[in-house]
Asks: 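This structure is in structure tokens; I'll ask about it shortly.
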Amino acid sequence: MAMANTNIYVGNLAYSTTSRDLEEAFGRYGTVARAQVVSDRDTGRSRGFGFVEMPDAGEAQRAIDALDGADLGGRKLTVNKARERESR
DNA sequence: GTTGAGCGTT
């Protein structure tokens, strides 16, 4: 109910990958409600993973299927539904 | 180089 968007985890990102990069990559498969690369709270560096929220479950699944294992910045992405945490 | 914060203690 409170979880209207499909929450997607994107791992194995190059440290150079930005939230904008995620938004562009997932935006090719549907509407992206939010895209965020997670940075280390202490060092400020990318932690090498991020999250993307998409309102359409069908588009979200298609994006996951298309981007999981895809190459971005020289890294093979790991993409799947996120485990916990909700939007904020 | 892999699953988000921070109040506080789950």
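Residue numbers begin at 1 in each chain, while the letters A, B, ... track the order of the sequences. Keep in mind the model is a prediction, meaning the values are calculated, not measured.
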Asks: Apply side chain to side chain contact (heavy atoms under 4.5 Å, CB included) to A:Asn7 and A:Glu53, showing your working.
Replies: CA-CA 5 Å; A:Asn7 207 20; A:Glu53 293 173 23; 3.2 Å; yes

Asks: Test your reading of the model: is there a side-chain donor-acceptor pair from A:Asp40 to the backbone of A:Asp42, 3.5 Å cut-off?
Replies: yes

Asks: Checking the side chain of A:Glu59 only, and the main-chain atoms of A:Thr31 only, is there a donor and an acceptor separated by less than 3.5 Å?
Replies: yes

Asks: Within this structure, what is the CZ-to-P distance between A:Arg75 and B:dT2, rounded to whole angstrom?
Replies: 11 Å

Asks: Let me know the distance between CD of A:Gln36 and P of B:dT3, rounded to the nearest Å.
Replies: 16 Å

Asks: What is the distance from CZ of A:Arg83 to P of B:dG4, rounded to the nearest Å?
Replies: 10 Å

Asks: Evaluate whether the aromatic ring of A:Phe49 and the six-membered ring of the B:dG4 base sit under 5.5 Å apart, centre to centre, with an inclination under 30°.
Replies: no

Asks: In plain terms, say whether A:Glu24 and A:Arg28 are close enough for a salt bridge, that is, a side-chain N and a carboxylate O under 4.0 Å apart.
Replies: no

Asks: Rounded to whole angstroms, how far apart are CD1 on A:Ile8 and C1' on B:dT3?
Replies: 13 Å

Asks: Using atom CZ of A:Arg45 as one end and atom P of B:dG4 as the other, report the distance to the nearest whole Å.
Replies: 19 Å

Asks: Please report, rounded to the nearest Å, how far the P atom of B:dG4 is from the OH atom of A:Tyr9.
Replies: 9 Å

Asks: Which is more 5' along DNA chain B, the nucleotide nearest A:Ala14 or the one nearest A:Val52? Just name the residue.
Replies: A:Ala14

Asks: Does B:dG6 have OP1 or OP2 sitting under 4.0 Å from an N or O in the side chain of A:Arg41?
Replies: yes

Asks: Using the P atom in both, what is the distance from B:dC7 to B:dT3, to the nearest Å?
Replies: 22 Å

Asks: How many Å lie between CD on A:Glu53 and P on B:dG4, as a whole number?
Replies: 14 Å

Asks: Rounded to the nearest Å, what distance is computed from the CG atom of residue A:Asp40 to the C1' atom of nucleotide B:dT3?
Replies: 14 Å

